[in-house]
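Notes to accompany the following structure.
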Amino acid sequence: MTERAPIERHEFDQLVSEHRGRLYRVVLGVVSDPELAADVLQDTFLRAWRGMARFRGEAAIGTWLHRIAVNTALTARRKAIRLRGRTTEMEDDYAAEATPDSDPERGGEVMDLRRSLESALDSLPAGQREVVVLKDVEGWSHAEIADRLGITESAAKVRLHRAHRRLAHLLELLR
């Protein structure tokens with residue numbers, strides 16, 4: 001493995017500043033919890049700092065940071081789900097917004113749909129889940145997704161199509 005020259009602290013601070021907002025949105029799309037997303041982002045940059053000497057430059061640094069962020073977020077999400085006993089942040093958010101005037105039947109349907117969608121997303125392979133989050137949550141173009149993931153635009157479209165098809169199938173099974 002080729003080692004790079006150490007990066008200066010001010011250079012790393014500039015990287016953090018440049019990529020923080022975008023990475024936070026991606027991480028938030030994976031973990032669905034602003035506080036957890038902030039922790040994951042901090043852990044992402046810590047891992048990047050520690051691993052900077054091993055960065056080979058085969059991909060853009062933003063792509064490398066993105067991969068670290070997504071992997072860190074997926075790990076945090078799995079831990080959070082285990083610790084919560086499968087209670088989702090979406091359910092917590094819905095319960096906080098509930099009012100005595102709200103329709104309990106409709107609220108139950110919405111919570112069931114959210115649970116089903118989260119379960120289906122959890123069942124997707126990481127590459128498919130990542131494309132769904134980037135496209136459907138973040139609103140990225142296929143070209144942006146391809147660039148970020150280091151794949152062709154056609155591959156990004158195929159992954160998204162397969163992910164949507166798989167989500168539809170999983171949601172049908174969960175009904």
Quick check for you: to the nearest 0.5 Å, what is the distance between [X] atom [atom1] and [Y] atom [atom2]?
X      : Y      : atom1 : atom2 : answer
Leu23  : Glu18  : CG    : CD    : 10.0 Å
His164 : Leu167 : NE2   : CG    : 6.5 Å
Leu170 : Leu124 : CG    : CG    : 6.5 Å
Arg129 : Arg159 : CZ    : CZ    : 12.5 Å
Thr44  : His66  : OG1   : NE2   : 10.5 Å
Phe45  : Ile68  : CZ    : CD1   : 9.5 Å

Side-chain touch [X]/[Y], heavy atoms, less than 4.5 angstrom:
X      : Y      : value
Ile61  : Met52  : yes
Val40  : Arg77  : no
Leu149 : Val131 : yes

Arg162 atom CZ, neighbour heavy-atom count above 12 within 6.0 Å: no
Quick check: are there more than 12 heavy atoms from other residues, nucleotides or ligands sitting under 6.0 Å from CD of Gln42? no
Within the side chain of [X], is there an N or O that forms a donor-acceptor pair under 3.5 Å with the backbone of [Y]?
X      : Y     : answer
Thr75  : Asn71 : yes
Arg148 : Gly62 : yes
Arg67  : Thr63 : no

With sequence neighbours left out, the residues meeting ring-ring contact (aromatic ring centres under 6.0 Å, His included) with Trp140 are none
Under the side chain to side chain contact (heavy atoms under 4.5 Å, CB included) test, residues paired with Asp43 that sit two or more places apart: Leu46, Arg47, Thr72
Those residues that, when tested against Ala146, pass side chain to side chain contact (heavy atoms under 4.5 Å, CB included) (two or more places apart): Ile151, Glu153, Ala156
Treat each ILVMFWY residue as a node, draw an edge where side-chain heavy atoms are under 4.5 Å apart, and state whether Leu41 and Trp49 are in one component. yes
Minimum heavy-atom distance between [X] and [Y], given as atom pair plus value:
X     : Y     : result
Ala37 : Tyr24 : CB-CE1, 3.6 Å
Ala48 : Trp64 : O-CH2, 3.5 Å
Leu28 : Pro34 : CD1-N, 3.6 Å

Distance-only side-chain donor-acceptor flag, Arg166 / His169, under 3.5 Å: no
